[in-house]
There are 2 protein chains.
Amino acid sequence: MELNERKTKILEAIIRNYLETGDPVGSRTLSRYLDIKLSPATIRNEMSDLEEMGYILQPHTSSGRIPSDKGYRFYVDSMMADREKEVSDMHDMVVEKAEELSGLLKQVAKLLADNTNYAALISSPQLHRNKLKFLQLSKVDDGNILAVIVVEGNIIKNKMIEVSEPMDDDTLLKLNLLLNTHLNGLSLEEINLGLITLIKERAGIHSDVIASVIDAVADAIRADEDLEIYTSGANNIFKYPELADNEKASSIISTFEEKNELGQLINESLAKDRDREDGEKTGIQVYIGNESPIESMKDCSVVTATYELGDNMKGMMSIIGPKRMDYEKVAHALKTLQEQLDTLYKK
Amino acid sequence: MELNERKTKILEAIIRNYLETGDPVGSRTLSRYLDIKLSPATIRNEMSDLEEMGYILQPHTSSGRIPSDKGYRFYVDSMMADREKEVSDMHDMVVEKAEELSGLLKQVAKLLADNTNYAALISSPQLHRNKLKFLQLSKVDDGNILAVIVVEGNIIKNKMIEVSEPMDDDTLLKLNLLLNTHLNGLSLEEINLGLITLIKERAGIHSDVIASVIDAVADAIRADEDLEIYTSGANNIFKYPELADNEKASSIISTFEEKNELGQLINESLAKDRDREDGEKTGIQVYIGNESPIESMKDCSVVTATYELGDNMKGMMSIIGPKRMDYEKVAHALKTLQEQLDTLYKK
DNA sequence: GTTAGCACTCGTTTAATTTGAGTGCTAATA
DNA sequence: TATTAGCACTCAAATTAAACGAGTGCTAAC
């Protein structure tokens, strides 16, 4: 069977109506709602076809139809195609450049959640390539030496190293020189065991300090270490009855709180984004129901977008809501913030 | 009327029973549950008295009684009095010393939540007095200077400062000297406008860099800036029907997510802890229902404990659950972690 | 191809009924 | 005087029954 124009119109009407009300929609309602004049009976026939084709389904015999995952998928795809649509009832979302990255990301998550009334999350940007840019040991007091490490992208890492006896300025200077000459500009792969042993040898009695420093450097460079996730508006799910029963709500909230499962979503989304042909799309992805990589979100839709923060640092943000979420509004919100973030550190 | 021994026993039996089952408890049940032999009728008379005295109440005529907030308060107070009780069914809770403070605190929050099946939170420790301990500017690359600031308690703060043109090593050295001679060892109150102006004058053309540094120093020293709150197990509240309805659950979850309201709880709890006579109690507080400073937790009980991490840095942890929570288990869990944290950095 | 008509389905709503745990009061008992 | 048995009463919760109504599929007429 073919999805002709009339069927398409009816399918869209069903979905639109369901998005608005959240109730299954019947033939009589559609007959009034549609711009083409058709009797309920005719529409019933078409709906019967649409159901057979898998686009809609009945929660139970003798109730209206609701979109199936396939139906949503069709709707989202065709919606994404004509992207010029303006969404009006969105507040201005302006990101203010924050002192700290974490503050900025928290701000973005909150903006997304507050403006859409769904749950939102954003990941800290992942560095593309990590090279050591700056390394310095300083004496803080007699028992402590502070290692400051800066890697590409100006990510800063500190480590306090305890020493059993005070280290004089001269030794410190030498260690600094030693570390910098050997390590500066190197990436994780390039710092191998041979090099480490060499440095330790040269450091002589201070090799234990060096070991601590190198540990810290490895930590700083390893990307997955820094993967921070900021969430906001998880409690918004209570606004949607189909997600608000204890079982579902609990598992969604718990996923949001633990955060480790969210990592999968982020990785998958970033990977997909990397694969797509350049220039083609805007980097927005939609996971409907079971399409989502996260088990506890099988009754939700997840919309993700990647962003780029200046120096090739890519991160991901996402909105999670009921399947009948307002996809246009959500996509628009994500795009807006995407653009703002992209330009924020560009200037 | 007086709370004699028999009334006390009955009251305790009511509360114990209610803690176990969560159902209102009636005279017949009590008659079986009590060790002294009394007929339901007698018990009814006593219950009637207890109700008049405000220790228990009926959800509706012709149902059993449940403890009032006053009843819980009585129970908690008398329970706290004999503190030697051993709680058996608690898993071993061992905190492993973590690299980063934030990791440690997350671990503690999770331990508390997992072991008690209630929601848990822990605040980062608040410094008692904040003095600048170490300050250093370093050149990271031509366009960026990194300021590293360490304050008492080894809290480290970084700030990247952009400069329009490269700064040579000599100038940097001079600025470092200038800042250190004037600022080292000072507290927030001592860094006044006069001093700032003086330093800026001496810095000449680099006064804008100095301004940024001093901003960062102020940030680092101000205590409330660092107040981080880590939560875990918020979704545990779904395990208790009396908290699991949408309205309540939503508001509790939202408080946990926003976190800013939790600050009040932390401050109040730390303040109360400071006020108590030394050596008297263990620093554990119980807020029952409306006693809690947080509006959204009026149907919960909140148990808080302070901890001390080495250098006079005090923080607070808390467990939030239904009023009928297992107070002994919770108090025991908090004490266990309290002791572990106290010794962790003492060694 | 479209539509009106009709019998049928089935979740939802409302009301009525039953059940049962629990109470207060009174009178009998120890 | 304190305790207890007995009994009528209350009321939330569970159960059952009936009515409702939105919606369907099918058939026959247009």
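The structure presented is a predicted model; accordingly, all values stated were derived computationally and were not measured.
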Show me the donor-acceptor pairs within less than 3.5 Å that the side chains of residues 293-301 of chain A make with the rest of the protein, sequence neighbours left out.
from: A:S296; atom 1: OG; to: A:T255; atom 2: OG1; distance (Å): 2.6
from: A:S301; atom 1: OG; to: A:Y327; atom 2: OH; distance (Å): 2.7

Not counting sequence neighbours, which residues clear salt bridge (Lys or Arg N to Asp or Glu O under 4.0 Å) with [X]? List them please.
{"X": "A:K248", "result": "none"}
{"X": "B:E291", "result": "B:R73"}
{"X": "B:R6", "result": "B:E46"}

Using whole Å, report how far [atom1] of [X] lies from [atom2] of [N].
{"X": "A:E46", "N": "C:dG1", "atom1": "CD", "atom2": "C1'", "value": "10 Å"}
{"X": "A:I36", "N": "C:dG1", "atom1": "CD1", "atom2": "P", "value": "16 Å"}
{"X": "A:L50", "N": "D:dG23", "atom1": "CG", "atom2": "P", "value": "17 Å"}
{"X": "B:I10", "N": "D:dA2", "atom1": "CD1", "atom2": "C1'", "value": "13 Å"}
{"X": "B:H60", "N": "D:dC9", "atom1": "NE2", "atom2": "C1'", "value": "15 Å"}
{"X": "A:L30", "N": "C:dT2", "atom1": "CG", "atom2": "C1'", "value": "17 Å"}
{"X": "B:I43", "N": "D:dT3", "atom1": "CD1", "atom2": "P", "value": "11 Å"}
{"X": "B:R6", "N": "D:dA2", "atom1": "CZ", "atom2": "C1'", "value": "8 Å"}

If you count heavy atoms of other groups shown closer than 6.0 angstrom to NZ of A:K110, is the number above 12?
no
Protein heavy-atom contacts under 4.0 Å, written 5' to 3' over nucleotides 20-30 of chain C as B (base), S (sugar-phosphate only) or - (none), form the string --SBBB-----
Quick check on D:dT3: is either OP1 or OP2 less than 4.0 Å from any side-chain nitrogen or oxygen of B:T42?
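Checking D:dT3 against B:T42, no side-chain N or O comes under 4.0 Å of OP1 or OP2.
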Could you note down all residue pairs passing side-chain hydrogen bond (donor to acceptor under 3.5 Å, both in side chains) where residues 48-68 of chain B supplies at least one of them, sequence neighbours left out?
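Residue pairs passing side-chain hydrogen bond (donor to acceptor under 3.5 Å, both in side chains), neighbours aside: B:K7-B:D49, B:E51-B:R65.
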